[in-house]
Amino acid sequence: MAKIGMFWGSSTEMTSIAATEIKREFEKLGHQIDSFDIAKSGLKPIADYKNIIVGCPTWNVGELQEDWDILFDDYQKLRFDDKTGAFFGVGDQMGYSCNYLDAVGLLARPFMENGGKLVGKWSTEGYEFEESVALEGEEFLGLALDYDNQDSESEERILKWVDQIKSEFV
Ligand SMILES: Cc1cc2nc3c(=O)[nH]c(=O)nc-3n(C[C@H](O)[C@H](O)[C@H](O)COP(=O)(O)O)c2cc1C
């Protein structure tokens with residue numbers, strides 16, 4: 001498998017913690033993964049990876065986290081041909097039930113529209129929310145984490161998701 005580039009933004013550290021765990025799991029399995037806080041890296045290094053992971057919490061009722069928000073116009077212009085991508089999000093399904101995990105939908109859709117192959121969809125079983133832009137049919141477009149309400153489930157969800165996507169990366 002080609003080296004993975006993981007790009008995430010985080011305002012209060014939770015997505016950063018998830019990214020650290022995802023990186024650790026891939027490394028345990030013997031895969032190489034570089035992790036970038038997009039506040040520091042910007043979008044440019046995305047071009048260097050065939051396999052990418054994108055992480056973003058939802059903020060301000062259905063919005064992207066602020067660092068992603070700043071880069072979003074440029075992100076939408078990127079081409080993702082020949083790239084395989086997996087998305088993960090962090091949100092609060094109780095507090096923001098009508099916008100749970102929206103950021104995953106906001107980032108995953110331009111990726112698919114601009115030529116990327118999306119992997120790592122995730123079942124909605126075990127979650128309670130009203131609406132989400134991250135939904136496609138009965139599934140989320142990426143891993144759904146919720147440290148506000150389901151903290152104790154996060155680790156197991158990450159292990160399962162990493163196991164799922166590792167065989168889908170090229
Ligand atoms: C003002 C505010 C708005 C939020 N809006 C949403 C939202 O629309 N949807 C959602 O799923 N979570 C929402 N959240 C929850 C955050 O996504 C959650 O706290 C997350 O863990 C933050 O991730 P971070 O620490 O990586 O920034 C919101 C939280 C706050 C404080």
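Numbering of ligands and ligand atoms starts at 1, following listing order. Every value quoted in this text rests on a predicted model; they were computed, and no experiment measured them.
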Original post:
Looking at Phe140 and Ser123, what are the two nearest heavy atoms and their distance?
Top reply: CD1-O, 3.9 Å
Subject >> Residues Glu156, Lys160: salt bridge by 4.0 Å N-O rule >> reply: no
**OP:** Please list all pairs passing the ring pair (Phe, Tyr, Trp, His ring centres under 6.0 Å) test where one or both residues lie in residues 60-84, with sequence neighbours left out.
**Re:** Trp68-Tyr75, Tyr75-Phe80, Phe80-Phe111
Subject >> Residues in contact with ligand 1, criterion: heavy atom under 4.0 Å >> reply: Ser10, Ser11, Thr12, Glu13, Met14, Thr15, Pro57, Thr58, Trp59, Asn60, Val61, Gly62, Val90, Gly91, Asp92, Tyr96, Asn99, Tyr100, Leu101, Asp148
Subject >> Side-chain ion pair, Glu25 and Lys28, N-O less than 4.0 Å >> reply: yes
**OP:** Before giving the answer on side chain to side chain contact (heavy atoms under 4.5 Å, CB included), spell out for Asn149 and Asp92 the whole-Å C-alpha distance, their side-chain angles and the decisive distance to 0.1 Å.
**Re:** CA-CA 7 Å; Asn149 306 293; Asp92 172 356; 2.9 Å; yes
Original post:
Going by an N to O cut-off under 4.0 Å, is there a salt bridge joining Asp82 and Lys50?
Top reply: no
